[in-house]
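Below: one structure, written as structure tokens.
Below, read A as the first sequence line, B as the second, and so on, with proteins coming before strands; counting in each chain starts at 1.
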Amino acid sequence: MQDLFYIKDVSRCVGKEVELRGWVYHRRRKGAVSFLVIRDGTGSGYIQCVFVRGELSDEQFEITDRVPLESSVLVRGVVREDRRAPGGYEILGSQIELIQEACDYPITPKEHGVSFLLDRRHLWIRSKRQRAILTVRNELLKAIRDFYDQHDFVLVDTPILTATFAESEVELFETEYFDLGKVFLTQTGQLYLEAAIFAFNKVYNLGPTFRAEKSKTRRHLTEFWMNEAEMAFYDNEMNMDLQEEFVEYIVQRTLERCRGELELLGREIAPVENVRRPFYRIEYSRAIEILREKNFDIEWGDELGGDEETAISMSFDKPVFIMNYPRGIKAFYMKLNPEDPRTVLNADLLAPEGYGEIIGGSQREDDYDCLIERISEFGLPVQPYRWYLDLRRYGSVPHSGYGIGIERTVAWICGIKHVREAIPFPRTIRRIRP
RNA sequence: UCCGGUGUAGCUCAAUGGUAGAGCGGGUGGCUGUUAACCACUAGGUUGGGGGUUCGAGUCCCUCCACCGGAGCCA
């Protein structure tokens with residue numbers, strides 16, 4: 001097969017005749033010279049093609065002057081360096097073929113509202129900013145997989161259709177499952193990862209999860225991606241140590257590979273560079289004190305809402321763990337704190353700059369009887385958890401794990417305020433298309 | 001579900017209760033180095049739907065709808 005030319009390789013092709021295949025991003029004409037900026041989706045992805053009347057047929061020159069934006073074209077020409085060209089390289093075009101003429105592309109180089117753009121998300125992802133964000137997402141996911149590979153974790157894919165549910169109050173999407181009644185789209189693969197540590201010791205998953213909550217905030221999607229990890233013989237401290245190493249790695253690796261994208265997005269780089277161990281660790285009780293000092297009307301035992309999380313995360317210049325929440329507001333599977341049984345051995349990690357919770361983690365209850373008690377404390381039926389309880393009967397060990405929200409992490413790294421731009425095709429309460 | 005906000009040209013937005021406009025985009029023409037090019041001309045509207053007040057409603061009132069933001073809940 002013949003090698004295709006890609007814009008990302010342009011610096012290696014100076015002086016060569018190339019065949020560029022891509023889409024018209026921008027068009028200008030100055031008299032007998034017309035300029036087409038073509039993108040092909042590779043690298044930074046844009047190159048200026050220059051066409052001079054007389055150097056190609058009138059018919060072809062006409063195409064360069066008329067071709068609508070986002071039409072697909074093939075351009076033949078010689079690559080050269082030129083200071084006047086954006087990016088420093090351009091193609092002096094000798095031939096152009098219109099592959100398909102785009103008709104009335106709806107997204108123009110001017111401003112559009114978010115609603116308009118989300119209705120055209122299938123086209124919007126071609127834009128510079130959206131490509132930058134999705135590139136960061138891609139590099140972040142690669143960094144996540146590499147981290148686990150380097151730390152002897154095994155990828156265990158957890159099911160999306162499930163019959164059990166881990167946290168009672170969360171609303172789930174339901175569907176009828178043949179003769180077996182109602183099943184749910186998963187909200188977490190954690191219980192399955194807990195089973196898998198007995199086979200592989202350290203495991204992780206990476207995939208979509210679903211919440212039917214009617215949330216309408218910048219932090220929520222109904223379908224979002226989560227990475228969860230579960231480690232045998234880890235206590236809550238070791239769990240936090242690992243999360244620090246993990247977050248530092250994925251953030252710094254992504255920064256290293258996506259500095260250009262972050263600059264394009266206008267992201268301030270210093271706070272991202274500052275994401276280095278150690279992070280801060282405070283008790284839930286201390287968090288309540290801090291909030292009361294800031295005049296929040298909050299009592300020990302209350303949930304931390306969005307505003308509270310923002311206030312705490314703004315108080316620290318690095319991510320901060322909030323440890324040992326009251327047992328009543330966290331999930332049944334979390335191990336009670338032996339030093340203060342009013343609380344559990346957990347930690348939520350809040351990203352700085354007001355981004356709020358990106359990780360929730362805990363040590364799990366590993367004692368059979370305690371777990372049964374906790375299930376009933378939450379008013380949950382024991383039957384669906386029979387297999388999960390088995391794990392406490394056949395070689396139970398102390399273990400811990402966590403889950404990180406991919407879109408929230410992407411939004412934080414990119415410095416964008418809404419998670420819906422951090423996923424290619426967002427699903428929200430009001431949006432299922434495109 | 002609750003609270004707040006917004007619906008005017010393809011898009012982004014103006015318009016004291018008194019003739020519905022601009023910029024961009026589209027179309028036509030001009031320009032031999034443009035950088036969101038520029039210049040000239042041009043087409044484009046049941047002001048979200050319905051009802052009401054008024055001599056007169058984009059503007060005020062009622063109602064419905066759609067969307068946005070936030071709360072609750074959560075990653």
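A cation-pi arrangement, defined by a distance under 6.0 Å to the six-membered ring centre and an angle within 45 degrees of its axis, is present between K128(A) and Y46(A). A cation-pi arrangement is absent between K318(A) and F279(A) under the rule of less than 6.0 angstrom and at most 45 degrees off the ring axis.
Q187(A) places no side-chain N or O within 3.5 Å of a backbone atom of L172(A) that could act as its donor or acceptor partner. Side-chain atoms of Y284(A) come within 3.5 Å of backbone N or O of G301(A) as a donor-acceptor pair. Under a 3.5 Å cut-off, the side chain of R219(A) and the backbone N or O of G306(A) do form a donor-acceptor pair. Side chain of N324(A) to backbone of A347(A): no donor-acceptor contact under 3.5 angstrom is found.
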Using ring-ring contact (aromatic ring centres under 6.0 Å, His included), reason through F246(A) and Y148(A) one step at a time and then give a plain yes or no. CA-CA 9 Å; F246(A) 169 72; Y148(A) 292 122; 5.3 Å; yes
Show your working on side chain to side chain donor-acceptor pair (under 3.5 Å) between Q190(A) and E230(A) and close with a plain yes or no. CA-CA 8 Å; Q190(A) 181 199 315; E230(A) 197 72 28; 4.9 Å; no
Steps toward ring-ring contact (aromatic ring centres under 6.0 Å, His included) verdict (Y192(A), W387(A)): CA-CA 10 Å; Y192(A) 299 93; W387(A) 67 266; 4.8 Å; yes
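Salt-bridge annotation for D235(A) and K335(A): absent, with no side-chain N of the basic residue lying under 4.0 Å from a carboxylate O of the acidic one. At a threshold of 4.0 Å, the pair E139(A)-R145(A) does not count as salt-bridged, since none of the basic side-chain nitrogens sits closer than that to a carboxylate oxygen.
Crowding of F173(A) atom CZ: a count of heavy atoms from other residues, nucleotides or ligands under 6.0 Å exceeding 12.
For RNA chain B, the stems formed by at least three consecutive Watson-Crick or G-U pairs, with both atom-pair distances below 3.5 Å, span B:1-7 with B:65-71, B:10-13 with B:21-24, B:26-30 with B:38-42, B:48-52 with B:60-64.
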Distances for protein N/O vs nucleotides 8-11 of chain B N/O pairs under 3.5 angstrom?
| from | atom 1 | to | atom 2 | distance (Å) |
| --- | --- | --- | --- | --- |
| C11(B) | O2' | E111(A) | O | 2.8 |
| C11(B) | O2' | H112(A) | ND1 | 2.7 |

Below 3.5 Å is the cut-off: list the nitrogen or oxygen pairs between protein and nucleotides 29-32 of chain B, distance only.
| from | atom 1 | to | atom 2 | distance (Å) |
| --- | --- | --- | --- | --- |
| G29(B) | OP2 | R66(A) | NH2 | 3.1 |
| C31(B) | N3 | G31(A) | N | 3.4 |
| C31(B) | N4 | R29(A) | NE | 3.2 |
| C31(B) | N4 | R29(A) | NH1 | 3.4 |
| C31(B) | N4 | R29(A) | NH2 | 2.5 |
| U32(B) | OP2 | A32(A) | N | 3.4 |

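Listed by first and then second residue, the ring-ring contact (aromatic ring centres under 6.0 Å, His included) pairs involving residues 415-434 of chain A amount to none (not counting sequence neighbours).
A36(B) atom P lies 17 Å from atom CZ of R39(A), rounded to whole Å. The distance from atom CD of E308(A) to atom P of A75(B) is 16 Å, rounded to the nearest whole Å. One atom, OH of Y204(A), and another, C1' of A75(B), lie 19 Å apart when rounded to the nearest Å. Going from atom CZ of F35(A) over to atom P of C38(B) covers 14 Å, rounded to whole Å. When the C1' atom of C74(B) is taken as reference, atom OH of Y355(A) falls 18 Å away, rounded to whole Å. Rounded to an integer number of Å, the gap from CD1 of I404(A) to C1' of A75(B) is 9 Å. Atom C1' of nucleotide C73(B) and atom CZ of F173(A) are separated by 14 Å, given to the nearest angstrom. Atom-to-atom, CG of L304(A) to P of G72(B) comes out at 11 Å; the value is rounded to the nearest Å.
Only the C1' atoms considered, C65(B) is 44 Å distant from A40(B), to the nearest whole Å. Rounded to a whole angstrom, the distance from the P atom of C61(B) to that of G17(B) is 11 Å. The P atoms of G52(B) and A9(B) are separated by 25 Å, rounded to the nearest whole Å. Nucleotides U12(B) and G25(B), compared at atom P, are 15 Å apart to the nearest Å. Distance check on atom C1': A14(B) versus G56(B) gives 22 Å, rounded to whole Å. Comparing G21(B) with A43(B), their C1' atoms are spaced 16 Å from each other, to the whole Å.
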Quick tally for nucleotides 65-70 of chain B: nucleotides whose base has a protein heavy atom under 4.0 Å get B, sugar-phosphate-only ones S, the rest -, giving --SBBB
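Checked against side chain to side chain contact (heavy atoms under 4.5 Å, CB included), E357(A) has the following partners two or more places apart in sequence or in another chain: E309(A), D348(A), L350(A), R408(A). Applying the ring-ring contact (aromatic ring centres under 6.0 Å, His included) criterion to F224(A), with sequence neighbours excluded, gives no partner residue. Judged as a ring-ring contact (aromatic ring centres under 6.0 Å, His included), and not counting sequence neighbours, the contacts of H112(A) are F116(A). Applying the side chain to side chain contact (heavy atoms under 4.5 Å, CB included) criterion to Q150(A), with sequence neighbours excluded, gives D146(A), Y249(A).
Within the 4.5 Å cutoff, the side chain of V382(A) has no heavy atoms near those of the S376(A) side chain. No side-chain heavy atom of E377(A) sits under 4.5 Å from any side-chain heavy atom of F332(A).
Of the residues in residues 72-93 of chain A, those placing a heavy atom less than 4.0 Å from an atom of RNA chain B are R80(A), D82(A), R84(A), A85(A), P86(A), E90(A), in numerical order. Near RNA chain B, meaning a heavy atom under 4.0 Å from it, residues 318-327 of chain A has no residue at all.
Among the atoms of the strands shown, base atoms are found under 4.0 Å from some heavy atom of L221(A). Note on E303(A): only backbone sugar-phosphate atoms sit closer than 4.0 angstrom, heavy atoms only; bases stay farther off.
In the set C73(B), A75(B), G33(B), the nucleotide with an atom closest to the side chain of E357(A) is A75(B).
With centres under 5.5 Å and a plane angle under 30°, the ring of F224(A) is stacked against the base of A75(B).
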Taking distance alone, no hydrogens or angles, what donor-acceptor pairs closer than 3.5 Å link side-chain atoms of residues 85-102 of chain A to residues at least two apart or in another chain?
| from | atom 1 | to | atom 2 | distance (Å) |
| --- | --- | --- | --- | --- |
| E90(A) | OE1 | Q48(A) | NE2 | 3.1 |
| E90(A) | OE2 | R80(A) | NE | 3.0 |
| E90(A) | OE2 | R80(A) | NH2 | 2.9 |
| S94(A) | OG | R76(A) | O | 3.3 |
| Q95(A) | OE1 | R76(A) | NH1 | 3.1 |
| E97(A) | OE2 | R76(A) | NH1 | 3.4 |

